[in-house]
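Below you'll find the structure, written out as structure tokens, and then a few comments.
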Amino acid sequence: MAEMHNPMEQFEIKRLLDFKIGSLDASFTNSATWMVIAVILATTVFVYGMRQRALVPGKLQSVAELGYEFIAGMVRDNVGDEGKKYFPFILSLFIFILFCNILGLVPYSYTVTSQIVVTFAMAAVVFIGVTIIGVVRHGWHFLSFFAPKGVPLWLLFILVPIEVFSYLIRPVSLSVRLFANMLAGHTMLKVFGGFVVAMGLLGGWAPLAFIVALTGLELLIAFLQAYVFAILTCLYLNDAIHLSH
Amino acid sequence: MRKAVNSAFFVGLAMLGATGPAAAVGMPQLDIHTFAPQLVWLTIAFLVLYFVMSRLAVPAISDTLARRQAKIQGDLDAAEKANEETRALVAAYEKRLADAREEARRMTREQGEADGAAATARFNELHDRLAKQIGEAEKRIARQRDDVMAGLEHMASDIGRDVYAKLAGQPADQGALAGKISAAVRGGSR
């Protein structure tokens, strides 16, 4: 199987245009290409699709409204009215992840969200932003979030470190969940794709059928992980705003 | 539990990256040199998307949804109003129908009463006329009877005079005979 590609090769970052901002490497890569494509597609759906602002929506406008109402409902149900301010951010986050995930399934494309640095950056922004919101709204009282009410004092010595740890681990779990799902799915597709080639015309049909089924599953996961990322952001935001457990 | 698994996975990934010095052998995701360009372009792409969403898409969609909601509510209100108007019209129509029916009944009753009164009046008039005619007829009968009686008296006095003359052979005293005959006739007629 010498001709079989390394299944990790698909995740390599390739510099297409080298350039630097000062000492910062800002080269335009294959990853950046698909980020830009995702943004252009999202803009097409949400701006070009909404250009008529029709009372009876067309196809593209229906898609835009569906996405809007999906996330608006999520923010309303999980955060409440205070969440309205952060709705454009959560919508952008959901749409960006969703488009990157789905575009990653296009053959020869690049899956932006299969890079831990990308998912971790987004999770870190969410984590830091949510923490700042919590501190600004509640001041020192925000620390009571780590001390559940109605717990004996001696238990707090155990509980508070656990709560703090589980709070600090949030950006890690949030980013790794998305990253690992994308990584595992695409690796599996690549491995079975290699089997199709290796087993040839006679035996390749079975892994090919598996790839077809797996692609369907990956489409579901692409949506599901964007949804999970958005709803967890909502829940963290709700925690920071309402200090609820 | 899931968090623990995830963090273990993360640590495992880090070790995997550490064991492979060449990024292509291990995981390309852990090649630190690729982080800066990815983060730069992630920032640019996400900021552009956030700007597009918050400035263009969200206002456009919320405006459209609000206008649609207003339109639907307006249409519902208009339909409700039209419905009420129709109900009012039906009620007015039914009231007019009931009034007309009542009016018709009243007119029929009054006409009936008027007809009754006219009939009574005609009956009374007829009754009076008949009574008058009966009265006249009776008078006429009485007069005729008197005439007949007078004729009878005259005839009786003639016959009496003739009979007296035949029997007595002499003419009767006219005055006495006439009085007696007259009394006899009148008494006999009673």
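Below, read A as the first sequence line, B as the second, and so on, with proteins coming before strands; counting in each chain starts at 1.
Taking the side chain as every heavy atom from C-beta outward, B/V52 and A/V47 approach each other to under 4.5 Å. Side-chain contact between A/F46 and B/M53 is present, with heavy atoms from C-beta onward closer than 4.5 Å.
Scanning all heavy atoms of the two residues, the minimum distance from A/F96 to B/L49 falls at CB-CD2, 3.6 Å. Heavy-atom minimum distance, A/Q115 versus B/Q29: OE1-CA, 3.5 Å.
The neighbour count for A/Y227 OH, taken as heavy atoms of other residues, nucleotides or ligands under 6.0 Å away, does not exceed 12.
Counting heavy-atom pairs under 4.5 Å between each of A/R51, A/R15, A/M122 and chain B puts A/R15 at the top. Ranked by non-hydrogen atom pairs under 4.5 Å with chain B, the options A/P57, A/C100, A/A121, A/A64 are led by A/P57. Chain B forms more heavy-atom pairs under 4.5 Å with one residue of A/Q61, A/E69, A/M50 than with any other, namely A/M50.
If you measure heavy-atom distances from A/F89 to chain B, the contacts under 4.5 Å come from both the backbone and the side chain. When heavy atoms are compared at a cutoff of 4.5 Å, A/I40 does not approach chain B at all. Within the 4.5 angstrom heavy-atom criterion, only backbone atoms of A/A54 (N, CA, C, O) approach chain B. Contacts between A/L24 and chain B at a heavy-atom distance below 4.5 Å involve the side chain alone, from C-beta outward. Heavy atoms of A/Y48 lying under 4.5 Å from chain B are absent altogether.
Within residues 33-48 of chain B, the residues having any heavy atom under 4.5 Å from a heavy atom of chain A are, by residue number, B/H33, B/T34, B/F35, B/A36, B/P37, B/Q38, B/L39, B/V40, B/W41, B/L42, B/A45, B/F46, B/V48. For a heavy-atom cut-off of 4.5 Å, chain B lies close to A/F87, A/P88 in residues 76-88 of chain A. Using a 4.5 Å heavy-atom cut-off against chain A, the contacting residues of residues 68-100 of chain B are B/R68, B/K71.
Listed by chain and number, the residues in a side chain to side chain donor-acceptor pair (under 3.5 Å) with B/T64 amount to none (sequence neighbours excluded).
Distance alone, capped at 3.5 Å, is enough to place a donor-acceptor pair between the B/R67 side chain and the A/R53 backbone.
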